[in-house]
Amino acid sequence: SAAGFVGGALQFSRIEFKNCINKGNITLTPKGGNSTTTSKPGNEKMPSVAGLMGIGVHCSFKFENCVNTGNMWITTDEYTGNIYAAGLLGSAQGNGNVEVKNSVNTGNMNIHTDYEYAQHRFRVGGLVGMGGKTGDIQNCINLGEITHTTTNTTAQTGGNARAAGIIADVGGSGAYTVNNCINTGDVIFSANYNQPVGGVVGYINNGTATNLVNLGRVESKSTNLVL
């Protein structure tokens, strides 16, 4: 994992970022292990990249008045696994709450893959990639562009790709709220998966999304577009 402030954390009851600014660019070229099959990477790496916090497992987070202006470039090899990327928080996994208030991302995210497997997972968001079990995102803006390109032309119907200007995936089954948020950045996702791509929210399982504005272009090979 890579981030402007903290790469990763495990089982913290609460991690807070207040009035934090990341201006640094991040370039990541993760290398996975060798594989003897064509269906799944071997010894797969799961890069989680963000301006402030890369990944947290069973952690709760609060981001308040935070800004990321740094750009990100991620280029993966054939055996690299899942990808999580965002302006503030790449991935919150397991139990935990994610709270984001009055925060902004202006950085662009550029991801290129030379492969696609049905088992792979992409979570790319302007502010949050994968958002934990529960969460509350209020009064946030994304101005950055999200661009994914691939040289693979074979459709992967079992793949799991989600991208959006504010949050790609709310994560768990708990209640989530996304309110008063604006996206102006384009979301261009070229993965050959039939999965949700949105201007503001990519996927929400249990929660509410209100007072949202999308002014960016949304483009995907998926038929599941949430504008």
Side-chain angles (χ1 to χ4, degrees), residues 25-29 47-51 68-76 78 80-91 103-131 137 140-171 176 178 181-205 209-227:
N25 297 328
I26 298 176
T27 300
L28 187 67
T29 307
S48 188
V49 186
N68 174 67
T69 66
N71 299 316
M72 301 175 199
W73 292 270
I74 306 171
T75 302
T76 65
E78 183 178 359
T80 306
N82 308 327
I83 298 172
Y84 308 94
L88 300 185
L89 172 63
S91 177
S103 296
V104 178
N105 173 66
T106 66
N108 299 322
M109 274 158 275
N110 306 277
I111 299 172
H112 178 78
T113 54
D114 287 326
Y115 69 91
E116 285 175 14
Y117 293 112
Q119 290 84 0
H120 282 152
R121 171 181 291 182
F122 296 89
R123 298 290 186 271
V124 186
L127 274 75
V128 179
M130 189 164 183
I137 301 178
C140 292
I141 299 174
N142 175 61
L143 306 177
E145 295 184 356
I146 297 173
T147 304
H148 170 266
T149 58
T150 181
T151 56
N152 187 300
T153 59
T154 303
Q156 300 290 342
T157 57
N160 201 320
R162 293 165 186 172
I166 297 296
I167 179 170
D169 190 339
V170 301
Y176 230 93
V178 183
C181 294
I182 299 173
N183 173 64
T184 68
D186 294 341
V187 180
I188 311 299
F189 216 72
S190 300
N192 291 287
Y193 304 129
N194 189 24
Q195 295 291 336
V197 175
V200 180
V201 179
Y203 176 82
I204 186 166
N205 182 49
T210 56
N211 300 324
L212 307 180
V213 176
N214 175 56
L215 301 176
R217 180 166 61 103
V218 179
E219 182 178 315
S220 172
K221 293 183 179 180
S222 170
T223 58
N224 294 317
L225 294 178
V226 184
L227 301 179

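Going from atom CG of Asn110 over to atom NE2 of His148 covers 11.5 Å, rounded to the nearest 0.5 Å. Distance CG/Leu212 to SG/Cys140: 11.0 Å, rounded to 0.5 Å. One finds the CG atom of Asn68 at 7.0 Å from the CD1 atom of Ile26 (value rounded to the nearest 0.5 Å). Once rounded to the nearest 0.5 Å, the distance linking CD1 of Ile111 with CZ of Phe122 reads 7.5 Å. Annotation: the span from Cys181 atom SG to Ile166 atom CD1 amounts to 5.0 Å, rounded to 0.5 Å. Between the CD1 atom in Ile74 and the CG atom in Leu28 there is a gap of 6.0 Å [rounded to 0.5 Å].
Partners of Asn211 according to the side-chain hydrogen bond (donor to acceptor under 3.5 Å, both in side chains) rule, which considers only residues two or more places apart in sequence or in another chain, are Asn179, Asn180. Among residues two or more places apart in sequence or in another chain, the side chain to side chain contact (heavy atoms under 4.5 Å, CB included) test is passed with Ile188 by Asp186, Arg217, Glu219. Applying the side-chain hydrogen bond (donor to acceptor under 3.5 Å, both in side chains) criterion to Thr149, with sequence neighbours excluded, gives His112. Residues satisfying the side-chain hydrogen bond (donor to acceptor under 3.5 Å, both in side chains) test with Arg162, not counting sequence neighbours, are Asp169.
Put simply, the side chain of Asn25 gets close to the backbone of Asn71: a donor and an acceptor are under 3.5 Å apart.
Tyr176 is listed as a side-chain neighbour of Ile137, based on a closest heavy-atom distance under 4.5 Å. You'll find the side chain of Thr147 stays beyond 4.5 Å of the side chain of Asn108, heavy atoms only.
The shortest heavy-atom contact between Leu88 and Ala50 is O-CB, 3.4 Å. Nearest heavy atom pair, residue Met72 against residue Ala86, reads CE-O, 3.0 Å. Here the closest non-hydrogen pair linking Ile204 and Val201 is CB-CG1, 4.2 Å. Nearest heavy-atom pair, Tyr203 versus Pro196, reported as atom, atom and distance to 0.1 Å: CD1-CG, 4.2 Å. For Gly202 against Ala164, the heavy-atom pair with the smallest separation is N-CB, 3.1 Å. Scanning both residues, Ala163 and Val187, for their nearest heavy atoms gives CB-CG1, 4.1 Å.
Partner Thr69 forms a side-chain contact (heavy atoms from CB on, under 4.5 Å) with one of Thr106, Asn105, Val104, Leu143 and no other, that one being Thr106.
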